[in-house]
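Order of the sequence lines sets the chain letters (A, B, ...), proteins ahead of strands, with each chain counted from 1. Nothing here was measured: the structure is a model prediction, and the numbers come from that model. Values below: all heavy atoms of this structure, side chains included; hydrogens, waters and symmetry mates excluded.
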Amino acid sequence: MDLYSTLSRTVEPLVTRNPGRVYLFVCGPTVYDYSHLGHARTYIVFDVLAKYLRWTGLEVFYLQNITDVDDKIINRAKEEGVPQSVLARTFEAAYLRDMRSLGIDAVSYHARATTHIPEILSQAERLLGRGAAYVTEAGVYFDVSTFERNGELSGQHGTDRISRVTGEGKRTPLDFVLWKFGEFGEYTWDSPWGRGRPGWHIEDTAVTEKYFGQQYDIHGGGLDLIFPHHEAEIAQMESMEGKHPMVRYWMHTGFLTVEGKKMSKSLGNFITVRDALKTWNKDVLRYYILLSHYRSPLQATEEGIAHAARALEHIRAAAKKDAGEDREGRKAFIDAMESDLNTPMALAAVQKLAANGDIGALKEFGEILGINFLREASVPIRVLQEIRAELRAKKQFEVSDMIRERMTAAGITVTDPSL
RNA sequence: GCCGGUGUGGCAGAGCGGUAUAAUGCCUUCGCCUGCAAAGCGAAUGUUUGGGGGUUCGACUCCCUCCGCCGGCGCCA
């Protein structure tokens, strides 16, 4: 399989460090609020990647962190007057529920930041030992000047920034915190340097080192994480043990935009997953998201989702008679997936497979994409259809057409055979 | 300011050095089919790949430059 890596800015063949095995890490959510469709896009993409890699026979260890200690959680908990752990667990549960509702179930293990404090402290300690970090009154900081490869992922090398956080006794504004001193209520731990809590970047390297080791295959996340977050991860991990590269394949998903703007919580232009699922089912949402390439920006519109819903409906309507294997269609699907997870092209192949009646492929590939391409009528719908068939046989079209209209209005596509 | 992404038919969205009959879909129109529809099948309309240079026998595809849009710059999927 070929994948585009942000590190090399090119598409390269996937060669894993251990034959037959892939270590995949994707940045998880900060659990202080509900997930929106922008998050859904990223997690659907990596869900499909993991499922496809497994389908090809690779063993995939898909690890995701859960950021459950962070300023936003601390502040939100204070606002709501609830303990941090209650807030974090509530939204963690909501996140996991939303993901399941979207058919996202490929993650092997979720790692919470708060249950990996010893690993985080161990990394901070080693970085201090290497001279790559220093202690101030505010906390333990990573010294960016000690890492000469800084900026290789983002192209930002640290001399040209217009705004930067200074103060806190940092040697340079670029330095970032590994361990922040203070009392943060419930989520405060002892450390050799003083009580406090972890910085944002270190939990990811702490969990990946624990479960994967110091180097692994693929790291994924949204485009907005390249700088500073992923840059900081590289700096920490590579400084710690000197191994390079920490990760060979860096995959970043493009933004979901609303009226040209990035969907984000701060702009308030988001659609939560739970709200989206009230109107559309997971098959439609996944089809819609996979209809564009994961690195392209995707404009979220009602019309766009409705378009996806119709197209999916047509596939299901076409996929009735089983005509056996469509070798060409199957090859087209696989070729598309091999080519940097080109799901729009893969869906074009699915259209062909449906038109050519390869039910087996639709079922098999549908599992990779997490989309049910085969129509399954529920019992009530089946009963209605039977009643309509009887009415039509008796030529009582007025009633049967009324039922059909109502069903269509309810979003159920009705097709009648000839009398 | 610096760094990065993106710009293809009415719309969504692939292709990225070898004729855009521009994949695939959505929309529109017509025909077949249908009790009538829908779906399906067949057909039609449509733009020429943001602008300008360059490299090349040949560029949507590579390079330069400009323009538009979006994002990052220690909060963010």
- Item | Inter-nucleotide C1' distance (G72(B), A39(B)), Å rounded | 47 Å
- Query: When all nucleic acid strands are considered with a 4.0 Å heavy-atom cut-off, which category describes L312(A): base, sugar-phosphate, or nothing?
  - Reply: nothing
- Query: With E367(A), which residues qualify under side-chain contact (heavy atoms from CB on, under 4.5 Å), at least two apart?
  - Reply: K363(A)
- Task: Begin with the C-alpha distance, continue with both residues' side-chain angles, and end with the deciding distance and a verdict on salt bridge (charged side-chain N to carboxylate O under 4.0 Å, His left out) for D283(A) and R316(A).
- Result: CA-CA 11 Å; D283(A) 293 309; R316(A) 288 175 172 163; 3.2 Å; yes
- Message: For a side chain to side chain donor-acceptor pair (under 3.5 Å) check, start with the C-alpha distance between S8(A) and E12(A), then their side-chain angles and the critical distance, and finish with the verdict.
- Response: CA-CA 9 Å; S8(A) 64; E12(A) 23 180 348; 2.8 Å; yes
- Query: What nucleic acid atoms does G38(A) come within less than 4.0 Å of, heavy atoms only: base, sugar-phosphate, or nothing?
  - Reply: base
- Query: Over how many whole Å does the gap from R286(A) atom CZ to G25(B) atom P extend?
  - Reply: 22 Å
- Phosphate OP1/OP2 of G5(B): any R295(A) side-chain N/O under 4.0 Å: no
- Remember a base hit wins even if backbone is also touched, and classify R316(A) as base, sugar-phosphate or nothing at under 4.0 Å, heavy atoms. nothing
- Task: Examine G72(B): is either OP1 or OP2 under 4.0 Å from a nitrogen or oxygen in the side chain of K262(A)? Give yes or no.
- Result: yes
- Taking any strand in view, what nucleotide pairs with C73(B) in a Watson-Crick or G-U wobble way, both distances under 3.5 Å? G1(B)
- Item | Sugar-phosphate, base or nothing in reach of H229(A), heavy atoms under 4.0 Å | nothing
- Message: Does either side chain, that of N342(A) or that of S339(A), offer a donor lying less than 3.5 Å from an acceptor on the other one?
- Response: no
- Query: With distance as the sole criterion, do the side chain of D401(A) and the base of G35(B) form a donor-acceptor contact below 3.5 Å?
  - Reply: yes
- Determine yes or no for a side-chain-to-main-chain donor-acceptor pair under 3.5 angstrom, with R9(A) supplying the side chain and L153(A) the backbone. yes
- Residue matched to A43(B) through Watson-Crick or wobble contacts both under 3.5 angstrom: U29(B)
- C1' atom, G46(B) versus A20(B): distance in rounded Å? 13 Å
- Message: What's L225(A) touching, base or sugar-phosphate or nothing? Going by heavy atoms closer than 4.0 Å.
- Response: sugar-phosphate
- Position toward the 5' end of RNA chain B (nearest nucleotide), G28(A) or H314(A): H314(A)
- Query: When rounded to the nearest Å, what value does the distance between P atoms of G58(B) and U19(B) take?
  - Reply: 15 Å
- Query: Just wondering, are more than 12 heavy atoms of other shown residues or ligands nearer than 6.0 Å to CD in E302(A)?
  - Reply: no
- Task: Give A332(A) one of three labels, base, sugar-phosphate or nothing, depending on what nucleic acid heavy atoms sit under 4.0 Å from its own.
- Result: nothing
- Task: In whole angstrom, give the distance that lies between atom CZ of R310(A) and atom P of G40(B).
- Result: 13 Å
- Message: Looking at the base of G4(B), is there any donor atom on it, or on the side chain of Q156(A), that sits under 3.5 Å from an acceptor on the other one?
- Response: no
- Task: Hunt down the Watson-Crick or G-U wobble partner of C16(B), both distances under 3.5 Å, from any strand shown, or write none.
- Result: none
- Whole-Å distance separating the CG atom of N150(A) from the P atom of C2(B): 19 Å
- Taken to the nearest whole Å, CE/M337(A) to P/A23(B) is 22 Å
- Message: Nearest to the F255(A) side chain among A23(B), G25(B), A77(B), which nucleotide is it?
- Response: A77(B)
- Item | Phosphate contact (C26(B) OP1 or OP2) by H307(A) side-chain N/O below 4.0 Å | no
- Item | T301(A): side-chain contact (heavy atoms from CB on, under 4.5 Å) partners, not counting sequence neighbours | Q299(A), E303(A)
- Task: For F46(A) and A77(B), give me the distance from atom CZ to atom P, rounded to whole Å.
- Result: 13 Å
- For U6(B), the Watson-Crick or wobble counterpart (both distances under 3.5 Å): G68(B)
- Query: So, does the side chain of T42(A) form a donor-acceptor pair with the base of A77(B) at under 3.5 Å?
  - Reply: yes
- Could you work out the separation of A23(B) and G10(B) based on their P atoms and round it to a whole Å? 14 Å
- Query: Would you say K72(A) reaches C75(B)'s phosphate, i.e. side-chain N/O to OP1/OP2 under 4.0 Å?
  - Reply: no
- Taking atom C1' in both U24(B) and C33(B), what distance in whole Å separates the two? 25 Å
- Query: Is any side-chain N or O of S296(A) closer than 4.0 Å to OP1 or OP2 of A14(B)?
  - Reply: yes
- Tell me: CD of E313(A) to P of A37(B), nearest whole Å? 21 Å
- Item | Rounded P spacing from U6(B) to G50(B) in Å | 13 Å
- Taking atom P in both C60(B) and U55(B), compute the distance separating them and give it to the nearest angstrom. 16 Å
- Comparing Y288(A) and S418(A) on RNA chain B - which has the more 5′ nearest nucleotide: Y288(A)
- If we require ring centres under 5.5 Å and near-parallel planes under 30°, does F397(A) stack on G35(B)? yes
- Remember a base hit wins even if backbone is also touched, and classify D70(A) as base, sugar-phosphate or nothing at under 4.0 Å, heavy atoms. nothing
- Task: Please report, rounded to the nearest Å, how far the P atom of A39(B) is from the CZ atom of R404(A).
- Result: 11 Å
- Item | Sugar-phosphate, base or nothing in reach of G151(A), heavy atoms under 4.0 Å | nothing
- Taking 4.0 angstrom as the limit, do D33(A) and K72(A) come out as a salt bridge? no
- Rounded C1' spacing from G15(B) to U48(B) in Å: 15 Å
- Message: Between P on C70(B) and CG on L256(A), what's the gap in Å once rounded to a whole number?
- Response: 15 Å
